[in-house]
Structure formats: structure tokens, C-alpha cells
2 protein chains.
Amino acid sequence: MPAEEPPVRPPTLSQVAARAGVSLKTASRALNGEPYVSGATEQRVRAAADELGYRLNGLARELRTGATSALVGLISGDLANPFYSAVASGVERELRRRGLLLVTVNNDENGELESSLVEALVERRVRALLVIPSGGGIVANSHNIPCVFIDRPPVGLVADSVLIDNAGGAHSAAEHLLARGHRRIALVADLVRTASQQARINGFSAAMRSAGNVDWEPYLRTDVHDAATAGDVVSELLALPEPPTALFTTNNRLTIGALRALRGRRFQPALVGFDDFELADVLGLTVISHDTTELGSMAARMAIERIGGYTGPPRTVVIPTTLIPRGSGER
Amino acid sequence: MPAEEPPVRPPTLSQVAARAGVSLKTASRALNGEPYVSGATEQRVRAAADELGYRLNGLARELRTGATSALVGLISGDLANPFYSAVASGVERELRRRGLLLVTVNNDENGELESSLVEALVERRVRALLVIPSGGGIVANSHNIPCVFIDRPPVGLVADSVLIDNAGGAHSAAEHLLARGHRRIALVADLVRTASQQARINGFSAAMRSAGNVDWEPYLRTDVHDAATAGDVVSELLALPEPPTALFTTNNRLTIGALRALRGRRFQPALVGFDDFELADVLGLTVISHDTTELGSMAARMAIERIGGYTGPPRTVVIPTTLIPRGSGER
DNA sequence: TTGAAAGCGCTAACAC
DNA sequence: GTGTTAGCGCTTTCAA
């Protein structure tokens with residue numbers, strides 16, 4: 001049984017100073033590479049710091065220099081979803097270049113939890129907040145800290161946002177299928193309460209309207225939220241007396257569900273999916289692609305500008321989409 | 001034109017106290033729900049806090065109460081890689097339950113960068129460090145803070161680690177292919193300098209040795225680090241005068257590269273891949289699967305125990321693997 | 001029940 | 001070049 005360990009505290013700057021035989025401030029100057037320290041003194045201080053295994057206490061520094069941290073918070077859905085992790089990857093890379101650190105938290109697609117996470121991050125004095133809203137709750141940014149919304153604009157307030165060209169992408173998917181002669185086209189969409197899904201549905205139906213096609217309307221399915229349900233929905237659609245000849249799925253999860261349902265079937269309807277993903281090429285899947293990582297990088301850059309003092313009006317950046325034909329949308 | 005904005009500092013506890021007409025300490029007690037505060041006083045303090053939009057400054061609290069933060073750092077490769085993001089997802093979920101926050105940083109698979117990131121996190125006084133080592137560098141944990149290694153054990157020191165049963169998984173893949181009569185089996189592996197790859201290669205060759213098979217040896221390819229190269233390597237293998245009849249790829253990236261190379265070919269060798277991934281089922285791919293998210297959760301739990309004061313000897317947990325036959329490994 | 005004083009580890013401002 | 005003093009916003013003594 002080891003004796004009660006005294007809770008070993010890391011060495012402090014004054015301990016380093018004492019050991020080097022200089023004052024606190026001199027030690028500070030030496031380690032921070034400030035001018036007006038003689039070479040010899042600097043050497044001694046550095047040596048003392050090494051011997052003690054001294055590490056700067058960032059908390060204390062940050063408290064002193066302005067009571068804000070070097071942290072930027074990202075609130076999103078589960079990182080296991082490749083969309084969120086791609087965004088996180090872009091964000092992290094951009095932050096790291098500026099010496100900022102990324103704190104990631106999962107909102108579990110739950111608006112209340114999301115609000116409490118905002119509180120927690122604000123208490124930690126994050127320098128900025130990046131949010132992919134759960135869609136349910138509204139993140140009120142009454143905290144006076146820079147906030148950039150990703151993929152979904154905030155409800156009821158104007159703020160910096162980075163969005164995908166949802167309407168445009170869905171529009172081009174619709175046109176692509178129409179141009180190949182499809183009329184009975186099914187639309188399988190996620191929760192309509194999110195603005196991004198809403199825009200995709202709108203873009204799609206606008207294209208149908210322009211083409212004077214109403215045959216698709218019986219095949220609209222919304223609020224399909226996971227891959228398994230998407231698979232069921234697609235199976236049901238194909239079991240109809242007059243099944244659709246083409247499908248458009250409005251995000252990667254739903255597309256994957258559709259692919260599972262289509263697997264091994266004799267009749268393969270045309271399929272276009274919103275969001276590109278790994279292996280879509282191997283599967284010969286036609287997709288509406290966009291640079292998800294760039295979505296994150298852009299948001300991070302906007303946040304960094306705000307941190308840097310930019311005070312212009314809120315901006316909205318729209319990331320374009322591209323249709324990548326790989327076979328499934330051309331049959 | 002608004003006048004020069006004074007840099008608005010968030011309200012402090014003493015401002016709240018002043019407004020409520022109580023002392024600093026009383027305000028602190030009231031907001032922290034400590035005993036010995038009269039109900040009326042508490043109400044007044046809470047009201048004052050609300051009116052001012054007061055948020056606790058976690059930096060100051062943490063500095064005062066022990067100079068450590070509520071942060072846990074995770075150092076890994078790019079989150080765009082589903083393996084890392086699955087681990088991160090498991091870690092985050094576990095931390096959040098304990099009120100801890102996850103800071104994720106990307107080591108860019110670069111040992112030197114990794115060391116500097118450790119420094120940065122230690123300076124922020126993270127409570128624990130979770131590391132998926134880049135393989136190149138050695139993370140020396142001379143910092144006296146809890147550290148758990150994930151997927152790859154640290155070189156040259158004993159420490160808490162959570163590993164996948166790499167050797168066992170590779171062994172079962174080899175047996176699976178041998179049992180189906182394959183002899184010329186190609187092994188496409190990633191950087192051998194990482195312990196996990198080393199273990200997979202060892203497990204595979206041990207099984208071959210047991211079976212008395214040496215025919216596979218000309219088909220060993222290592223240090224294949226990305227999907228594109230993996231594709232090239234597979235194409236080369238299949239172009240040999242005596243091509244292998246089966247392939248084993250030692251991680252998801254390489255498997256995906258192999259799939260791309262195999263696409264549209266007449267002759268389809270058997271294929272087993274280490275790591276399961278989304279859509280592997282749709283592709284009919286036989287894999288060595290393991291619970292990647294659990295890898296992260298387990299590591300987080302071990303770190304939390306250390307934070308909680310556990311001082312036992314370092315432990316190593318091995319996460320088991322399962323072979324999931326889906327067709328590609330059975331042809 | 002409440003308050004005053006001290007101090008966490010550091011840096012800013014000003015002396016020497 | 002170097003040291004002294006003060007104070008970031010909070011919690012922890014200890015006294016009232």
C-alpha cells in the first residue's frame with residue numbers, strides 16, 4: 001500500500017525563477033523569447049525549466065491576457081457520420097494553422113442538449129463557435145462570441161453561415177433524370193424540419209414544375225431519417241403497381257439505405273443521391289457532390305476573421321455542387 | 001456610425017455581486033448552489049446574473065481549483081478517415097457523460113508534429129491524453145498526466161493501451177482463405193513500422209506457416225499507404241504470370257483501393273479486408289470486423305479511471321475481431 | 001448566514 | 001537588462 005501521495009503539482013514559473021536565481025518576470029521574459037534578456041540569463045532560465053520539467057500553464061496565461069482560451073467549439077451530430085467528420089477535418093486543419101484547438105461535441109441531434117453544450121463551451125471561453133444545428137432547437141447566440149453556422153442557417157436570426165447549394169444540386173439531379181426520360185421519379189428525403197432538406201425538396205420540385213411533370217408527386221417520401229427506414233421506403237415504392245423508374249435520395253444515409261434495398265433486385269431504377277461518399281465510385285453511383293471538408297474550412301476561416309476583429313455584417317457563403325454521373329443515374 | 005466599441009468583456013462575478021448588493025463570495029455561493037445562502041439572497045443573485053447575462057469563467061475556476069481543465073485531448077490521424085472518426089465518436093460520447101470535453105487534433109501522421117501537439121495540449125492542462133500514435137515518433141509521456149494509447153502500443157514504454165486483436169484477426173482471415181483451397185494469397189499491407197500492421201502481417205504469416213503454405217510469399221506487398229497505391233499494387237499482382245487467387249488487405253483504405261482495381265475485371269480473386277466499413281455489406285465484401293467505436297469508448301473509460309485517481313499498473317485491453325463472410329472471401 | 005482577505009500561475013505596467 | 005507590484009475571475013480559508 002503506497003503512502004498517501006501528495007498531489008504532485010506541476011512546477012510553476014516562480015519555481016523556475018527561484019532555481020535560476022532570477023525574478024519571476026525575468027523567467028517569463030526568457031521563456032517567451034522577449035527582448036531585453038541577456039543571453040546568459042536566458043540560458044540559465046531555460047536550463048532550470050528543463051530540469052524541473054516546466055510547462056507553461058496556458059490557463060493562467062489566458063486568464064491574465066484576456067480571459068479567453070485558444071479553443072474553438074464545433075457542435076455537430078455524431079462524428080461517426082462521414083459528413084460531420086469531413087466537416088470536422090476541414091475545421092481542425094484550418095484552426096491548427098492558427099494555433100487554435102478544436103473542441104468537438106455531439107448534440108445527439110437533440111436541441112436541448114445542444115443548448116446546454118453551447119453553455120458549457122461558452123463557460124470554457126471558447127473563442128468561437130461553429131454549429132451544425134440539430135434542426136430542432138435554435139441556438140441563440142446571446143453570448144457575444146463569434147458564431148458560424150454550417151450546412152443549416154440559424155432559425156430566426158441573421159448570422160455567418162456556410163451552406164451547400166442544396167436547391168441547385170437537387171435541381172440538377174431532377175433535370176438529369178428528366179433529360180433521360182424519367183417521369184415517375186421518387187424523392188426520398190430526410191426530416192423536412194431542417195432547412196437543408198427543405199431546400200433540396202424545393203429545388204427538386206421546382207425542376208419538376210418547370211418541366212411540367214406532375215407524375216412524380218405520388219412518390220414523395222419525407223422524414224425518412226435512417227438508412228434502414230430508407231431501405232424499407234424504397235422497397236415499398238418498388239412494390240407499387242406503378243413503381244417509380246427513378247429515385248432521388250437527399251443525403252448519404254438515405255442513399256445507402258436505398259442501395260441496400262436495391263441490392264439483388266432484377267429491376268434497378270435509376271438512382272441519384274445527394275452527397276458523395278467513399279466507394280460511391282466503386283458502386284457506380286451517380287451523385288450530387290460537394291466539397292464537405294471545404295465547408296468546414298470555410299466556416300473556420302470565417303470564424304477566425306471574426307476572432308481577428310472583423311465586424312462586418314453577417315455573411316453567407318454557398319458551396320457549389322456538381323453532378324457526377326457514374327452509371328446509376330443514367331440507366 | 002457607432003463610436004469606437006470598447007472591447008466588451010463578459011460580466012464577472014463581482015459585477016453580479018455588486019448588482020445584487022451582496023459580497024463576491026455570497027454571489028459565488030448562491031450560483032454554485034452551496035448551502036448557507038438564504039433563499040431571498042439566492043433569488044436576488046440569480047436575477048442579477050440573468051440580467052447581466054453572466055457566465056461562469058471556467059478558466060478562472062479551473063486555475064483556482066487546481067490548474068487543470070475539463071479537457072481531454074485526442075491525437076489521431078485525419079478525422080476524414082472513418083477509423084479515426086469512429087474512435088473519436090466513442091471517446092466523445094464517454095467523455096460527455098462525465099462532463100469532460102474532447103479536443104481533437106490531427107497529427108498528419110507526422111511524429112514531430114505529434115510531439116508538439118502533445119506539448120500544446122499539456123500546456124492547456126488537459127486532464128488526459130488519448131493517442132493513436134503516428135507510428136513514426138514516440139510520444140514520451142513525461143508529463144505525469146494520464147495517457148492511453150489506442151490501436152498502437154507506445155514504443156519503449158509500458159502504458160495503458162487499447163488494441164485490436166490484430167494478429168488474431170489476420171490469422172482468421174488467412175485460415176478462411178486457406179480453408180477454401182487458396183495457396184497463392186497476396187498480402188497487401190500498410191506501413192510496417194506501425195505495430196498494428198506488423199501484428200497483422202505476423203498473424204497472417206503464422207497461419208500460413210502452420211498450414212505449411214509458402215506459395216504466398218512472392219505476393220507480400222508492404223508499405224502501401226493509400227488507396228490509389230493499393231489499387232496499383234493489386235493491378236500489378238493480377239498482371240503477374242501466376243497471379244494470386246486471393247487477396248488480403250490489412251486496412252480499410254487498402255481494401256477500398258483493391259476494390260477499385262478489381263472493378264470491371266473478368267477474374268475476381270477472393271478478397272478479405274481488415275476493418276469493416278459502411279457499404280461493405282452492399283459490396284458483398286468479407287471483412288475482419290471489430291468495434292471501432294468501442295475502441296474509443298474503452299480508452300476514454302480507462303483515462304477517466306486514471307483521472308479519478310486509479311494508480312494501478314498499466315493495463316492493455318484487446319478488442320476482439322470477427323470474420324464476417326459476405327461473398328468476396330468465399331469465391 | 002455572510003463577508004474580507006489571500007492566492008491559483010501568469011503577464012502588463014512601470015520602476016530601477 | 002532586471003525586478004516589483006498589481007490583478008485577470010474565481011474559490012478557499014477564516015473571521016464576523
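With sequence neighbours left out, B:S161 forms a side chain to side chain donor-acceptor pair (under 3.5 Å) with no residue at all. Remark: A:E51 engages A:R19 in a side chain to side chain donor-acceptor pair (under 3.5 Å) (not counting sequence neighbours). Applying the side chain to side chain donor-acceptor pair (under 3.5 Å) test to A:R306 and every residue at least two apart in sequence or in another chain returns A:D160. For A:E94, the salt bridge (Lys or Arg N to Asp or Glu O under 4.0 Å) partners are A:R97, A:R98, A:R301, not counting sequence neighbours. The salt bridge (Lys or Arg N to Asp or Glu O under 4.0 Å) search around B:R96 returns A:D108, B:E92, not counting sequence neighbours. Not counting sequence neighbours, B:D151 has no partner by the salt bridge (Lys or Arg N to Asp or Glu O under 4.0 Å) test. Residues passing the salt bridge (Lys or Arg N to Asp or Glu O under 4.0 Å) test with B:E305, sequence neighbours excluded: B:R315. With sequence neighbours excluded, the residues that form a side chain to side chain donor-acceptor pair (under 3.5 Å) with B:T26 are B:S23.
Protein chain B touches strand DNA chain D; the 5'-most and 3'-most nucleotides with an atom under 4.0 angstrom of its non-hydrogen atoms are D:dC8 to D:dT12.
What separates CG of A:L56 from C1' of C:dC8 is a distance of 14 Å, to the nearest Å. For A:N57 and C:dC8, the CG to C1' distance is 9 Å, given to the nearest whole Å. A straight line from CG of A:L63 to C1' of C:dG7 spans 12 Å, rounded to a whole angstrom.
Minimum interatomic distance between A:T68 and B:L59 (heavy atoms only, all atoms of both residues): C-CD2, 3.9 Å.
Judged by distance alone, with hydrogens and angles left aside, the side-chain atoms of A:R125 form a donor-acceptor pair with the main-chain N or O of B:L56 at under 3.5 Å. With hydrogens and angles disregarded, a donor-acceptor distance shorter than 3.5 Å links the side chain of B:R44 to the backbone of B:A20.
The side chain of B:T41 contributes an N or O atom lying less than 4.0 Å from OP1 or OP2 of C:dT2.
Direction of the helix axis in the helix from C:dT1-D:dA16 to C:dC16-D:dG1 shifts by 40° between the two five-pair termini, rounded to 10°.
With no hydrogens or angles considered, a side-chain donor-acceptor pair links B:R61 and B:N32 at under 3.5 Å.
Within residues 27-38 of chain A, the residues approached by DNA chain D to less than 4.0 Å at the level of any non-hydrogen atom are A:R29, A:Y36, A:V37, A:S38, in residue-number order. Residues from residues 12-26 of chain A that place a heavy atom under 4.0 Å from any atom of DNA chain D, listed by number: A:V22, A:S23, A:K25, A:T26.
Looking at A:R61, its side chain has no donor and acceptor atom pair within 3.5 Å of the base of C:dG9.
The pair A:E62-B:R124 counts as a salt bridge, with a side-chain nitrogen and a carboxylate oxygen less than 4.0 angstrom apart.
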